[in-house]
2 protein chains.
Amino acid sequence: MTIAEEAAPPVHRFPNPLSRRFFQICTAATAAVVEPAGLTPLEFAVMAYVNSKIGEPDIDQTSLAARLGIDRNNTSLLVSSLEANGLLERRVSGTDRRVRLVRLTGKGEKLFAQLEPKALAGQNQLLDVLADDEREQFLDMLVRVIEANRALARPGAGRRKRNGSS
Amino acid sequence: MTIAEEAAPPVHRFPNPLSRRFFQICTAATAAVVEPAGLTPLEFAVMAYVNSKIGEPDIDQTSLAARLGIDRNNTSLLVSSLEANGLLERRVSGTDRRVRLVRLTGKGEKLFAQLEPKALAGQNQLLDVLADDEREQFLDMLVRVIEANRALARPGAGRRKRNGSS
DNA sequence: TATTGTTATACTCTATAACTATA
DNA sequence: TATAGTTATAGAGTATAACAATA
């Protein structure tokens, strides 16, 4: 009802607008599962990269940043937020005292175990229009495109200048 | 150099993180072309939906919002920004004086004509890892997924609550 | 001197809500 | 009363820059 249902507005068949819409959809689906637990989709993504089931417990923050495709500053803030909620803990590395090793707490592991299946189901449901083999193909291609363009995955990707004419 | 090149960090094979990375990449590629002209990727997207070549000149702002998958408020701001730069103009509709019809100015059309081929090339280049038929398939599937999940494409998709335990 | 992480800050994108003006 | 658009405001995400501690 919110948006014009009229004649199903066309989507431009170009990567950038398509990627934006796809991201919106995926984020909305994840948020629906994760928000009731007080998490943002990104915070949940951090937990996914750090948990003991599909993640890498005791990863350092710089590596975590690389996994997420964000930079160290934001990782720090995200980790602090999760830590403040008792979902995650930082430990100083024994071999290099600059490094913080990050892992979920018991509480964090438990919450992740509860949310992960729902989040995954919600995300996969988005691909229901695709046949099973198409779905695999689609994810494969997505991975390949991302791997191939890793270098672009986060430089100054949204800077502005305001007033292009002066 | 910015990000750990170490062993090419794995990407989780789930829609949400993949969509985020893909969006980052696409946005970076678009920004590289569009920023030198003082535009953000989203402002450029507005121009793409409004220009006379591949867009719909004299579209109203609500329909434009639906095309972009954003809401009226932001459309208003975006349009104002482009208008302030002389790239776009608003006209009151003759048949309904509440409605503003949006179209590019001569200057806007000219700038869009300059940027569009470069932006398109930049975006398509991201898909170079894919074979030609794969690329078409990929875009098709992306469109289908988006069409199928239109309803999700922008409700309260990022709200928060802070402190899930209380 | 280089690197890990932190803090401060700013800007884009997106959302909610309250408003004006038309219908 | 409902709709198109505007304005104000806020929060999520991401960026730069300067800094502290450690190597």
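In the text below, chain A, chain B and the rest are named by the order of the sequence lines, each starting its count at 1.
Protein atom CD of E35(B) is 14 Å distant from nucleotide atom P of dC11(C), rounded to whole Å. Rounded to whole Å, the distance from CZ on R72(B) to P on dA18(C) is 14 Å. Atom CG of D71(A) and atom P of dT3(C) are 16 Å apart (whole Å). Taking atom CG of residue L64(B) and atom C1' of nucleotide dT14(C), one finds them 15 Å apart after rounding to whole Å. L42(B) has its CG atom 13 Å from the C1' atom of dC11(C), to the nearest Å. One interatomic measurement links the two molecules: CD1 of I70(A) to P of dT4(C), which rounds to 16 Å at whole-angstrom precision. Taking atom CZ of F23(B) as the reference point, atom C1' of dT14(D) lies 11 Å away to the nearest angstrom. Between the CG atom of N74(A) and the P atom of dG5(C) there is a distance of 14 Å, given to the nearest Å.
The only option from T27(A), L68(A), I146(A) that meets the side-chain contact (heavy atoms from CB on, under 4.5 Å) definition with R20(B) turns out to be L68(A).
At least one side-chain nitrogen or oxygen of T40(B) sits closer than 4.0 Å to the OP1 or OP2 atom of dC13(C). Within the 4.0 Å cut-off from OP1 or OP2 of dG5(D), at least one side-chain nitrogen or oxygen of T62(B) is found. In this structure, Q61(A) reaches the dT6(C) phosphate: one of its side-chain N or O atoms is under 4.0 Å from OP1 or OP2. OP1 or OP2 of dT6(C) sits under 4.0 Å from a side-chain N or O of R90(A).
Residue side chain N73(A) reaches the base of dT16(D) through a donor-acceptor N/O pair under 3.5 Å, judged by distance alone.
Listed by residue number, the members of residues 92-104 of chain B with any heavy atom below 4.0 angstrom from DNA chain C are D96(B), R97(B), R98(B).
Under the 4.5 Å side-chain heavy-atom criterion for grouping Ile, Leu, Val, Met, Phe, Trp and Tyr, L87(B) is not connected to L77(B) through any hydrophobic cluster. Cluster annotation: L18(B) is not connected to F23(A) through the hydrophobic network of ILVMFWY side chains, with a link wherever side-chain heavy atoms come within less than 4.5 Å.
Pairs passing the salt bridge (charged side-chain N to carboxylate O under 4.0 Å, His left out) check and including a residue from residues 109-128 of chain B, sequence neighbours excluded, read K53(B)-E116(B).
Every ring-ring contact (aromatic ring centres under 6.0 Å, His included) that F14(A) has, sequence neighbours left out, goes to H12(A).
Taking the side chain as every heavy atom from C-beta outward, L78(B) and L64(B) never approach each other to under 4.5 Å. Side-chain atoms of L39(B) and L82(B), non-hydrogen and from C-beta on, do get closer than 4.5 Å to each other.
Mapping L77(B) and L77(A) onto DNA chain C by nearest heavy atom places L77(A) at the nucleotide closer to the 5' end.
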